[in-house]
Amino acid sequence: MKLRDMLGMSVKNLLKRKVRTSLTAAGVLIGTGAIVVMLSIGIGLTEGMNESIGQMGDITVIQIYNYNQSADRAKLNDEAIASIASMDQVVAVTPVYNVPWGSCVIESGKYRYDGSLYGVDMSAMESFGYQLENGSFPDDAERGNAVLFSSDALYSFFNTKKKSHNRVDPYPDQNGNIPKPYVDPLKDRLELQMMDEEGKTTGRPTKLVGTGVLTTDYSKTPSASYAAFVDLSLARELAKKIKTNGSSGGRGAQELNYDQAVVKTASVSDVQAVEQAIHDLGFPDTYSMETVRAPIQQMMNTIQLVLGGIGAVSLVVAALGILNTMIMSIYERTREIGVMKVLGCEVRHIRAMFLMEAGIIGLLGGILGLGVSYGASALINFFASSGGSGALGGILGMAGSVSTISVIPPWLAAGSVVFAVCVGVVSGILPANRAVKISALTAIRQDT
Amino acid sequence: MIQVEGIKKIYCVDKERIVALGGVSLQVREGEICCILGSSGSGKSTLLNIMAGLEKPSRGKILLAGEDVTRFSERRWAQFRQKNIGFVFQSYNLLPTLSALENVALPLVFRGIEKDLRIREAAKMLLAVGLGSRMAHRPSQMSGGQQQRVGIARAFVSHPKIVFADEPTGNLDSKTSDEVMRIMVGLARRYHETLVLVTHDREIAAYGDRLLEIHDGFVRYDSRQASAQKAGPLLPQERKAAT
């Protein structure tokens, strides 16, 4: 028997009992709809949560702190950085060299910047998500003497010739205009100047080139706020020159033991594993948003499980509905099945036809249920964004400032339909086995 | 074409043994139209069911078209039926969801034959039983006689070697019965097919080439043997079974 013929007969049988078929499918519709809507709320809440945590800090970034630098501890040197970089889930890694405050300044003519200065791997900055307000990240040739200021750090330049009123602030004046800072790093000449212990400039200045200005962003590590960044290669030179008692200095470039490093992973789910791997390398002091996110995620998973469970209950009821419908239909068609057997229909084809019937009911209910879910999801989001009071508003508050609390990702849409078909087919197994056992003799009997 | 050897069928109902067939042996030749006559409870239907593979005999052996079908699995039986057996039911047993044409084409569907071909064959068969104008009708839109003619077309559509008919006129009046019998016997003769027919009606039995009478699970009369030799009081297989 051909597949197309079996399918045709199944459809014909379903169409013959339109009311019963549609009522049974409606059961599946409600079940599928319930699961999809419940899960979509769970997914929406999780996404909202990740978004709000993301505002506090990049959730895929791990910070390594090298507090304890005694001799028996692992050194956070270039070798250690390279082995972290070689991990599969790691997208980017950079050590952070915190140039000791007061050891050097950046000057542009009479203007001076003496704020935070970080040495990082500039080629990795883009991967870490630093944004540029204007200009560009330095290319390979420029990197050695490039400097990137955060936009607010430019207001830290002050006039060395004046004792007071020597700064501009980024606040609007009487006319509502925000004054420009003294220095435009893209145009003006910049020089790095070492300082001695008395706070006087010493040695020959190093020429710097400002290739861009970073957008102020507190969530980054190191924070792109009131800070300037130079490349690691330059930072190493600086470290050699700085003769302080600080932990980072005076040991030569080869032995540089960084205070801090940041690692970016491919996705949120990799954070835990990478963090563990870093611990295994001998750096126990790490910090990531995972410490905040993991417990909330766990709670979200529980919520999702409960919501999904509520939906699943209605789908179980729907499955029983299919079972009941199929058994009824087999009772009615006992004679028909007997006749088909006498006419030479193979048992496996009879089974297949009944499974198809059950599967089609599942498919029908699944597709319609998905459609209804999209509608319900849109409705929930509409009320969540416009309402803000009541129960939905409460959930909304939990998810932070995110206005969509029900999200149906493609995998959920596809999965729910496939699942509905599976529920149909599984509910069809028992009735189909019953149908198969019907004797051909029932076709002969006169009492039915 | 059909060879039945020492068939016994015993039912156990509430620890009581009921002998439906006490030991039947017979042979039906190719192209023969064989009528099995008997009153209700004689075992004639049981014999037909066993020959058609709907029931398993308690003892004995059956050969259909040269194949020993006694130990066939359910699947082998289904495939064997598709090619070799047609069946006409007393209560027509047409599928109510299908049109006359689709009902006739059903055995060809089970054989996996392409739609175009099976529709052509089914239409040809419906024309042969005189229902050319009723092809799209549902069974519920047809009279008993018409339904049985559809049933006959369905039995013959795959040109099986053997057609079994179980009281084909049991639900019909005598005029329609006559019509149906003529069509059925006509088709069997035209395609040179073996037809085995069970009935309790002596007039219907007269359409056949050969008459077998069954009583209490034994063949009491066989027109072929009767013409060859005037039989004694007991047939050999009866004597054997009685001991």
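Note that these values count all heavy atoms, side chains included, but never hydrogens, waters or copies made by symmetry. Below, read A as the first sequence line, B as the second, and so on, with proteins coming before strands; counting in each chain starts at 1.
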Report yes if the side chains of B:Phe87 and A:Val339 come closer than 4.5 Å at any heavy-atom pair, otherwise no. no
Segment of B:Asn93 engaging chain A (4.5 angstrom heavy-atom cut-off): both
Neighbour count >12 (heavy atoms, 6.0 Å) for atom CG, B:Asp173: yes
Could you please state which residues from residues 8-30 of chain A sit under 4.5 angstrom from chain B, measuring non-hydrogen atom to non-hydrogen atom, sorted by number, or 'none'? A:Met9, A:Lys12, A:Asn13, A:Lys16
Against chain B, label A:Arg333 side chain, backbone, both or neither, depending on which of its atoms sit under 4.5 Å from a heavy atom there. neither
Spell out the residues in residues 347-371 of chain A that have some non-hydrogen atom less than 4.5 Å away from a non-hydrogen atom of chain B, in order of number; otherwise answer 'none'. A:Val347, A:Arg348
Counting only heavy atoms closer than 4.5 Å, note whether B:Glu167 contacts chain A via side chain, backbone, both or neither. neither
Within a radius of less than 6.0 Å around OH of B:Tyr207, do more than 12 heavy atoms belonging to other residues, nucleotides or ligands occur? yes
Contact listing (chain B partner; residues 304-317 of chain A; heavy atom under 4.5 Å): none
Does B:Arg138 have more than 12 heavy atoms from other residues, nucleotides or ligands lying within 6.0 Å of its CZ? yes
Strictly less than 4.5 Å between heavy atoms, which residues of residues 65-85 of chain B line up against chain A? Please order them by number. B:Glu74, B:Arg75, B:Ala78, B:Gln79, B:Arg81, B:Gln82
Of all heavy-atom pairs linking B:Phe110 and A:Gly344, the shortest is CB-O, 3.8 Å
Heavy-atom check, side chain of A:Ser439 versus side chain of B:Glu55, under 4.5 Å: no
So does B:Glu203 have more than 12 non-hydrogen atoms from other groups sitting under 6.0 Å from CD? no
Would B:Arg118 and A:Asp5 pass as an ion pair if we require N to O under 4.0 Å? yes
More than 12 heavy atoms from other groups under 6.0 Å of NE2 on B:His215: no
Distance, nearest 0.5 Å, that separates CG of B:Leu106 from CE of A:Met1: 7.0 Å
Heavy-atom distances under 4.5 Å only: say whether B:Leu98 touches chain A with side chain, backbone, both or neither. side chain
